[in-house]
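Here's the structure, in structure tokens; my notes come after.
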Amino acid sequence: PETRPTTAPAAASAVAPAPTPRPDATFEELVVSASTILGLRIDTAVSSEDASVEDRVTATVTRDIRVGDRVAIPTGATAHGEVTLVERGGKVKERARLGVRFTSIALGNGTRVPIDTGEILREGASAARESTAKIGGGAVGGAIIGGIIGGKKGAAIGSTGGAGAGTAAVMAGGRNAATLEAGEAVSVQLTKPAAVTVDR
């Protein structure tokens with residue numbers, strides 16, 4: 001009898017299930033123009049007495065920034081920045097100075113948007129007038145006390161001694177620090193456009 005070659009059954013091929021179609025997310029890029037003003041509330045208190053350049057500073061956006069009818073930067077977003085200038089100042093003449101600049105904004109979805117802003121500058125109050133008042137006040141007080149004790153000669157001596165004491169008090173006194181207080185409201189201006197990607 002004639003023998004016929006037998007053919008082995010073909011192995012069933014594994015077929016991956018077709019992926020469930022997912023609609024592509026659609027995004028829109030909003031460009032916040034340069035010169036836009038951001039309203040911020042300082043979260044991190046900063047003082048020229050203990051701050052260092054590059055110290056981190058945060059603030060909260062206090063009003064929506066819109067591009068057309070869309071909100072690009074919402075109220076409540078967090079602005080991140082850093083200290084850019086610290087000058088302690090002197091006890092008599094030089095004023096303390098403090099500078100802060102913001103470099104990015106964190107949106108609610110975790111996106112970090114790079115920004116460039118102008119610098120916020122603060123100066124401590126001038127110590128010169130206070131110094132004059134303290135030195136002059138010391139002279140007047142010394143003259144009164146010297147006059148009571150020793151007449152005109154005592155008044156002259158007391159005036160000189162009082163002025164010296166006033167000067168010493170000023171030199172030993174503290175500086176007027178430049179500060180940004182927590183909760184302080186500030187405004188900063190964008191110096192370059194900022195691109196924000198949002199859901200369409």
Side-chain angles (χ1 to χ4, degrees), residues 30-67 71-138 163-196:
L30 305 177
V31 178
V32 181
S33 63
S35 77
T36 296
I37 303 296
L38 298 179
L40 302 175
R41 184 181 65 250
I42 299 296
D43 298 329
T44 310
V46 191
S47 170
S48 60
E49 284 297 288
D50 53 19
S52 299
V53 172
E54 296 186 352
D55 279 357
R56 301 297 180 186
V57 181
T58 61
T60 300
V61 176
T62 57
R63 58 179 179 266
D64 290 345
I65 300 299
R66 293 179 173 271
V67 176
V71 174
I73 301 173
T75 300
T78 301
H80 294 264
E82 62 183 19
V83 175
T84 55
L85 172 70
V86 177
E87 294 178 359
R88 314 268 183 228
K91 294 181 178 179
V92 177
K93 291 185 179 180
E94 298 87 358
R95 294 190 182 201
R97 300 178 71 210
L98 178 70
V100 171
R101 190 188 305 276
F102 289 91
T103 56
S104 67
I105 291 180
L107 305 180
N109 60 5
T111 303
R112 185 73 73 93
V113 179
I115 60 173
D116 288 278
T117 72
E119 191 174 42
I120 299 173
L121 290 173
R122 290 287 185 271
E123 285 190 343
S126 173
R129 291 183 179 179
E130 293 181 13
S131 301
T132 301
K134 289 178 182 178
I135 294 170
T167 302
V170 168
M171 296 307 294
R175 293 178 287 256
N176 290 320
T179 61
L180 269 176
E181 301 292 343
E184 182 176 347
V186 299
S187 295
V188 294
Q189 186 175 41
L190 294 185
T191 57
K192 293 181 181 178
V196 183

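These numbers come from the heavy atoms of this one structure, side chains and all, not from hydrogens, waters or symmetry mates. This one's a predicted model, so the numbers in the text were calculated from it and none came from an experiment.
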Applying salt bridge (charged side-chain N to carboxylate O under 4.0 Å, His left out), which residue pairs with at least one partner in residues 103-122 are found, sequence neighbours left out?
Arg122-Glu184
List the residues meeting side chain to side chain donor-acceptor pair (under 3.5 Å) with Thr111, not counting sequence neighbours, and say none if there are none.
Asn109
Got a sec, which residues hit side chain to side chain donor-acceptor pair (under 3.5 Å) with Thr103, two or more places apart in sequence or on another chain?
none
Name all pairs fulfilling the side-chain hydrogen bond (donor to acceptor under 3.5 Å, both in side chains) condition that reach into residues 32-43, sequence neighbours left out, sorted by first residue then second.
Ser33-Thr36, Asp43-Thr60
Could you check whether any side-chain heavy atom of Leu107 comes within less than 4.5 Å of a side-chain heavy atom of Pro74, counting everything from C-beta outward?
yes
d(Ile65 CD1, Leu190 CG) to nearest 0.5 Å is 7.5 Å
Not counting sequence neighbours, list each pair that qualifies as a salt bridge (charged side-chain N to carboxylate O under 4.0 Å, His left out) and has a residue in residues 97-106.
Glu87-Arg97, Arg97-Glu123
If the condition is side chain to side chain donor-acceptor pair (under 3.5 Å), which residues does Glu181 pass it with, not counting sequence neighbours?
Thr179
So, using side chain to side chain donor-acceptor pair (under 3.5 Å) as the criterion, who are the partners of Asp64 when residues are at least two apart?
Thr75
Write down the atom of Ser48, the atom of Ala96, and the distance for their closest heavy-atom approach.
OG-CB, 3.5 Å
Spell out, as yes or no, whether a donor-acceptor pair under 3.5 Å connects the side chain of Thr84 to the backbone of Gly99.
yes
Distance-minimising heavy-atom pair for Phe102 and Val188:
CD1-CG1, 4.3 Å
Which distance, rounded to the nearest 0.5 Å, do you find between the CZ of Arg88 and the CG of Leu98?
9.5 Å
List for me each residue that meets side-chain contact (heavy atoms from CB on, under 4.5 Å) alongside Asp50, sequence neighbours excluded, and say none if there are none.
Ser47
Would you mind telling me which of Val61, Ile105, Thr62 makes a side-chain contact (heavy atoms from CB on, under 4.5 Å) with Leu38?
Ile105
Output the distance between atom OG1 (Thr58) and atom CG (Leu40), rounded to the nearest 0.5 Å.
10.5 Å
With distance as the sole test, does Thr78 use its side chain to make a donor-acceptor pair with the main-chain N or O of Ala106 at under 3.5 Å?
no
Residues that Val67 engages under side-chain contact (heavy atoms from CB on, under 4.5 Å), provided they are two or more places apart
Leu30, Val32, Ala72
I want to check something: taking the side chain as every heavy atom from C-beta on, are Val186 and Leu180 in contact at a cut-off of under 4.5 Å?
yes
Got a sec, which residues hit side-chain contact (heavy atoms from CB on, under 4.5 Å) with Ser187, two or more places apart in sequence or on another chain?
Ile37, Arg63
With sequence neighbours excluded, residues passing side-chain contact (heavy atoms from CB on, under 4.5 Å) with Pro193:
Val31, Ala34
